[in-house]
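Reading through the C-alpha cells given below for one structure.
These figures come from a predicted structure and were not determined experimentally.
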Amino acid sequence: MHVVEDSPLYSPEFFADGDPWAYLADLRAHHPVSVHRREDGYEFHALTRYADIYAAYVDHQRLSSSYGTMVDGSYLPQKDSASGRMLIVTDQPAHTGIRKPIKTSGFSRDMLAKVGRTVRRNLRDTLGELSVGDRLDFGSVVAPELPKGVLEVLFGIGAEDAAKLLEDTRTMIGYRDEVYAGTSPLDALVDAQLDVLEFIDELIGQRLDSGQADDMIGFLARCVADGTMPRDVAVLNGLNVAVGGNETTPHTASLTVHTIDGHRDQWRTVADGDTGCDVATQEFLRWTSTNSYVQRLAVEDFHVGGHVIPAGSFVTLWNMSANRDPEVFDRPDEFLIDRADNKQLAFGAGVHRCVGAPAATLEIQTFVEELAAWDKAFAVLEEPRKLRSNFMLGLTELQVEVVDAKEFHQ
C-alpha cells in the first residue's frame, strides 16, 4: 500500500493555498487506498474512489464513528468524549435512538416548509436592500442569512441570537484560521464551544419551564422532561445540529456565487428557466463539496479496493474526491449546471448520512431560486480568500459588486 510521509492532507495551508483537488485526483488514479503519516506519529488511511468511499459509508459495523469524525479528534484510537450521546459520534443501535427525535422534531415535512419560508424571507429582505454598484463581502452580508433562518425555526430564537450562535459555531469549525480564531486558536475553540453549550442549555431550561415544544429544542426539552433523553444528550445534539448546519451552507453559498461568476453562460440557463433550480443545486453541491472528508475507525479488518485496512486504523473518506470520480461522473472536473442523474456524496451515505441534508439542500435550492429570480447579480471583484481548513472547504472573504442581471448575463 502506498505510504505518504508528512502528508499535505494534514495541512490547512495546503487546502487554502495549494491544489488538493489535483493531489486527490492523482491518489484516486494511482493509489486509491493509501496511508498518510505525520512526524508526530498520527496516521490515517485515505479512500479516494467513489465506490470505496460509498462502501465505507454503508459499512457502519466495521467502521465506527464513535472515535471522532475529524483528523486530530484524537491521537489514539479511543472513543470521543461525546460518544453514545451525540449523534455524529454514536454507532448503532444507540444512533437510531438519538437520530429519531432529532429528525422528527427538526426535519419533518412541516418543519422544512417553515425553514424554507424563513430562509426565503431572510434572503429577499437582504437582497432587496442591495443596489447596483454596491460592493460587499458576500460571506459576511448575505451567506449567513441561510443558516440564520434555520436556527430561527429549529431553535425558536430571534435573528440576533441566531447571528451570535452562527459566529460561535464558525469559530469552532474554522479555529485553525486566524480570521476566526485570532492568535490563540485552541482558546478560541474552547471558548466558542462553551458559549454554544451554555446557550443551548439555557434554551432547554426555558422550554422546560414553559412547556413549549413547537420547535426542535422544545421537543428535545420534552424528551428530557419525560425521561426519554438525558439533558446532556439534548444539549450535545443541539450543538451537533447548530455546528453541522451553520457552517456548510454559508460556505456552499459563497462558493456557489464564485462558481456562477465563472460560468455566466451556464447560469443564464437557470435564470431563463431552461435548467431547473433543483438540478443546478445538485451540481453546486457536487462541485463545491464543502465537507471535504469524514474520519472513521476500523474496529475490524476492513477489506476495500484490494487492500486490507487493519483493525485499529483511522480511515478518512474523501467526499471531495468521490465527487470528481470519472468512474461515476462524466467530465467530472467540469462544472455542468444541467448535469443529470447526479449521484453526489456531499452529505455522505448510509445511516450516518447527514441528518440535516434535506434542510441544507433546501437552503441552497432556495438561494439558487432567489438569485435566479433577482433582477441583479453578484460579480466577483477579486480572488477570494480560502478558509484554512482541511475539513471544511470554504471562503473567509468574497468581495463582490452588485450588477444588473441583464448586464451580467451578456
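In this structure, H60 has its ring center no closer than 6.0 Å to that of H352.
The neighbour count for E5 CD, taken as heavy atoms of other residues, nucleotides or ligands under 6.0 Å away, is above 12. Enclosure of atom CG in L345 by more than 12 non-hydrogen atoms of other residues, nucleotides or ligands within 6.0 angstrom is indicated. More than 12 heavy atoms of other residues, nucleotides or ligands shown are found within 6.0 angstrom of NZ on K376. Heavy-atom contacts from other residues, nucleotides or ligands closer than 6.0 Å to CZ of R99 number more than 12.
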Going through the checks in order, is the salt bridge (charged side-chain N to carboxylate O under 4.0 Å, His left out) test met by D168 and K164? CA-CA 6 Å; D168 286 336; K164 177 60 169 66; 2.6 Å; yes
Working note: T290 + T248, criterion side-chain hydrogen bond (donor to acceptor under 3.5 Å, both in side chains); need CA distance, chi angles, decisive distance, verdict. CA-CA 6 Å; T290 306; T248 51; over 6 Å; no
Would you sort out whether R85 and T90 count as a side-chain hydrogen bond (donor to acceptor under 3.5 Å, both in side chains), showing the intermediate values? CA-CA 7 Å; R85 298 184 296 156; T90 298; over 6 Å; no
Residue pair T275, T269: steps toward the side-chain hydrogen bond (donor to acceptor under 3.5 Å, both in side chains) verdict: CA-CA 5 Å; T275 299; T269 69; 2.9 Å; yes
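Salt bridge status for D215 with R207: present, with a side-chain N to carboxylate O gap under 4.0 Å. Of the charged side-chain nitrogens involved, at least one lies within less than 4.0 Å of a carboxylate oxygen, so that R388 and D17 count as a salt-bridged pair. E370 and R120 are joined by a salt bridge, as a carboxylate oxygen and a charged side-chain nitrogen come within less than 4.0 angstrom of each other. A salt bridge does not link R38 with E43: none of the charged nitrogens is closer than 4.0 Å to a carboxylate oxygen. Salt-bridge formation is not detected for the pair E397/R385: no Lys NZ or Arg NE/NH1/NH2 atom is positioned less than 4.0 Å from an Asp or Glu carboxylate oxygen. In summary, E152 and R121 engage in a salt bridge, as defined by a charged side-chain N under 4.0 Å from a carboxylate O.
Relative ring orientation between H2 and H31 is described as parallel, the plane-to-plane angle staying below 30° on a 0-90° scale split at 30° and 60°. Aromatic ring pairs are classed by plane angle as parallel below 30°, tilted from 30° to 60° and perpendicular above 60°; the pair Y42 and Y10 is perpendicular. The aromatic rings of F14 and Y23 sit perpendicular, their planes meeting at an angle over 60°, well past the 30° parallel limit. Ring orientation note: the planes of F44 and W318 are tilted relative to one another, at an angle of 30° to 60°.
Neither side chain, D59 nor Y54, offers a donor N or O lying under 3.5 Å from an acceptor on the other.
Here the closest heavy-atom approach between residue D52 and residue G305 is recorded as OD1-N, 3.7 Å.
The main-chain N or O of L197 is never found under 3.5 Å from a side-chain atom of D201 such that the two would form a donor-acceptor pair. Under the 3.5 Å distance criterion, the side-chain polar atoms of D19 are matched with a main-chain donor or acceptor of A22. Without hydrogens or angle criteria, H251 side chain to L395 main chain gives a donor-acceptor distance under 3.5 Å. With Y50 contributing its side chain and K343 its backbone, the two residues share a donor-acceptor pair below 3.5 Å. Looking at T249, its side chain never comes within 3.5 Å of a backbone N or O of L146 through a donor-acceptor pair. Formation of a donor-acceptor pair under 3.5 Å by the D137 side chain with backbone atoms of L398 is found in this model. In this structure, the side chain of E283 does not engage the main chain of I337 through any donor-acceptor pair within 3.5 Å. Between the side chain of E13 and the backbone N or O of P8, no donor-acceptor pair lies under 3.5 Å. T228 places a side-chain N or O within 3.5 Å of a backbone atom of C223 that can act as its donor or acceptor partner. For the pair D261 (side chain) and V380 (backbone), a donor-acceptor distance under 3.5 Å is present.
In this structure, R286 is positioned above the aromatic face of F329, its NZ or CZ under 6.0 Å from the six-membered ring centre and within 45° of the axis. Geometrically, R324 engages W287 in a cation-pi contact, judged by NZ or CZ lying under 6.0 Å from the ring centre and within 45° of the ring axis.
In this structure, OH on Y67 lies 7.5 Å from OG on S83, to the nearest 0.5 angstrom. To the nearest 0.5 Å, atom CZ of residue F378 and atom CG of residue L371 are 6.5 Å apart.
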